[in-house]
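Order of the sequence lines fixes the chain letters, A, B, ..., with proteins taken first and strands second; residue numbering starts at 1 for each chain.
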Amino acid sequence: MSDLDTKERIQPGTAPGEDVAFEIHGDGDFPTADMSLSIGPAHPATHGVFRIVLEMDGERVREARPVIGYMHRGFEKLAEYRDYRQIKALVNRHDWLSGFSNELGVALAVEKMMEMEVPDRAQWIRMLIAEWNRILNHLMFIGSYAIELGAITPMFYAFREREDIQHLLESATGGRLHFTYNQPGGLKIDLPKGFLRESQRLSTVVRERLPDYFDLVLGNEIFQGRTKGIGPLPSDVALSIGVTGPTLQATGVAEDPRVTEPYLKYGEIDVPVPVGENGDSFDRFSCLLRRIQASLDIIDQVHDHVPPGPVNSKLPKMVKAPEGATYVRTENPLGQLGYWLESDGGRTPWRLKMRTPSFSNVQAIPYLMEGVLLPDAISILGSVFFVVGDIDR
Amino acid sequence: MGLMDQVELPQPVKYVFNWGRKYSLWCFNFGLACCAIEFIAASTSRHDFIRHGVIPFAHGPRQADLLVVSGTLTDKMAPAVKRLYEEMPEPKYVISFGSCANCGGPYWDSYSVTKGVDQIIPVDVYVPGCPPRPEALLDGIIALQDRIQHESLKDRIAGRRLDPVTLGADAPLALEGR
């Protein structure tokens, strides 16, 4: 393709449409000039195609500008051309680490508009799989954050558990990453025989292995040195930016839709919400780890509740949401996911607006990175957990 | 490359040479989307493609022999992929991993997605799936190694490539003949 002139399109250090002005700071013997450092879009530290332009004064970051859009796939527009059953195959790909939670949001929104009754069994199973999905997501970040700080081993530990959990979920849903297990009104099919027993067994296995992460990563002196006191985020700033999920909980705010406005059956069980104190990188990471524990607690409670019965309700041949609009928010692994679904009564949505957690979380990056050293900037970038597809949609 | 791009190597030398090359593929993972997670899964202990001689820790494109494009390629990202591909030294190979990299996948009607990485760089092996299982990547790697074993390096350096392999395309479809 000759019209894609690479040198024209990507200039190091500039965001599209911006000029870089070099300012001279300080006077006397050591005047310094700012340097623009472009990290990404293809860089191991950004896990994905996230790009960030740092204005550096020596080793210090003066200003950080995230440049997003490298993974923009037009989900919101595409959703207008898919019917209500097809959307789930689309939305579970925007945050590819939490496919089940995404499709759950859409299913809840469609059910809310159609005023559909969802069988109890389906709701409990949804919770079970959503929590397993949350653990899958968090394990991935535990591995990748450690890699960004220079430790390769935790990734292999994390994938040991991930493979087991994916194997379990595959037996029920048929997918490893994108489950496509929800449908408006319930679930696609019932759980296979022996799933709950296997899930119970796996939950004890994962719980037994969790101390590995606490000792290996969180208790590591080098890890603590790289993360403690780095990038503290005050809770008022976090709330004003719109940060949610573990990044917000690390600042000490116990905000979680599963507790504050319960959906599914979260109101009937005890949902622990781990919080941090300082909101620094260490707290964010430790919140992530403790959220795995919390999810395991929920899973153990759910096992005692799953009732027998049907898992889906009868759907009309063509699912059509009545005219109107609704907003559903759920606690995705990385934060609050909101779907604004607007219908004109047709077979496809008229508009599907997404409020994705990663997009809001990365808004905190310019605040967090101001004035930090370059290695700390990497530590901050990894600890504001995001999935690039979730930012760009 | 000197002599190798001018004369065809004798068969025994070529055999040993290609045997050595196919088991030391330094791989540059261009992780773009979901498929990158399955790529990582393939590199960790359960599937472990290092036992096939694929080393996933190339420091950059300049040290890599194999480019695995895993995930959705958008129009905004395409120039970067092309540039990184051009930075790789010959002989270089490309595996297109996942439906998005093959043809656009579920975003076939999107306004911002490049419908296939083969529009900008030549591809050696297509691995279908959304996302493909790690086993599919292993299969793709074995298919690529098979090609490297039977390849003439002279042709490769001269830019003559074999037709790409699509996994699963050679097997007869169950519906065929009905």
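- For A:F156, the CZ atom sits in a packed shell: over 12 heavy atoms of surrounding residues, nucleotides or ligands are nearer than 6.0 Å.
- Between chain A and the residues B:I121, B:V113, B:T72, the largest count of heavy-atom pairs under 4.5 Å involves B:T72.
- Between A:R82 and B:D109, at least one side-chain nitrogen of the basic residue sits less than 4.0 Å from a carboxylate oxygen of the acidic one, meeting the salt-bridge criterion.
- The side-chain heavy atoms of A:D164 and B:R46, taken from C-beta on, include a pair separated by under 4.5 Å.
- When the heavy atoms of residues 131-142 of chain A are compared with those of chain B, the residues falling under 4.5 Å are A:M140, listed by number.
- A salt bridge does not link A:R73 with B:D75: none of the charged nitrogens is closer than 4.0 Å to a carboxylate oxygen.
- Neither the backbone nor the side chain of B:A36 comes within less than 4.5 Å of any heavy atom in chain A.
- The local environment of CZ in A:R347 is sparse, with at most 12 non-hydrogen atoms from other residues, nucleotides or ligands closer than 6.0 Å.
- Residues of residues 93-103 of chain A having a heavy atom under 4.5 Å from any heavy atom of chain B, listed by number: A:R93, A:W96, A:L97.
- Atom NE2 of A:H72 sits about 6.5 Å away from atom OG of B:S110, to the nearest 0.5 Å.
- The closest side-chain heavy-atom distance from B:K76 to A:V67 is below 4.5 Å.
- Looking at A:E170, only its side chain comes within 4.5 Å of chain B, counting heavy atoms on both sides.
- The closest side-chain heavy-atom distance from B:I37 to A:R176 is not below 4.5 Å.
- Heavy atoms of other residues, nucleotides or ligands lying less than 6.0 angstrom from OH of B:Y85 number more than 12.
- Looking only at distances, a side-chain donor or acceptor of B:T74 sits under 3.5 Å from a matching main-chain atom of A:Y70.
- Between A:L177 and B:P131 the shortest heavy-atom distance is CD1-CG, 3.6 Å.
- Counting heavy atoms of neighbouring residues, nucleotides and ligands inside a 6.0 Å radius, atom CZ of B:R62 does not exceed 12 of them.
- Note: B:C34 SG to A:N92 CG = 8.5 Å, rounded to the nearest 0.5 Å.
- Side-chain N or O atoms of A:K77 include none that pairs as donor or acceptor with a backbone N or O of B:Y111 at under 3.5 Å.
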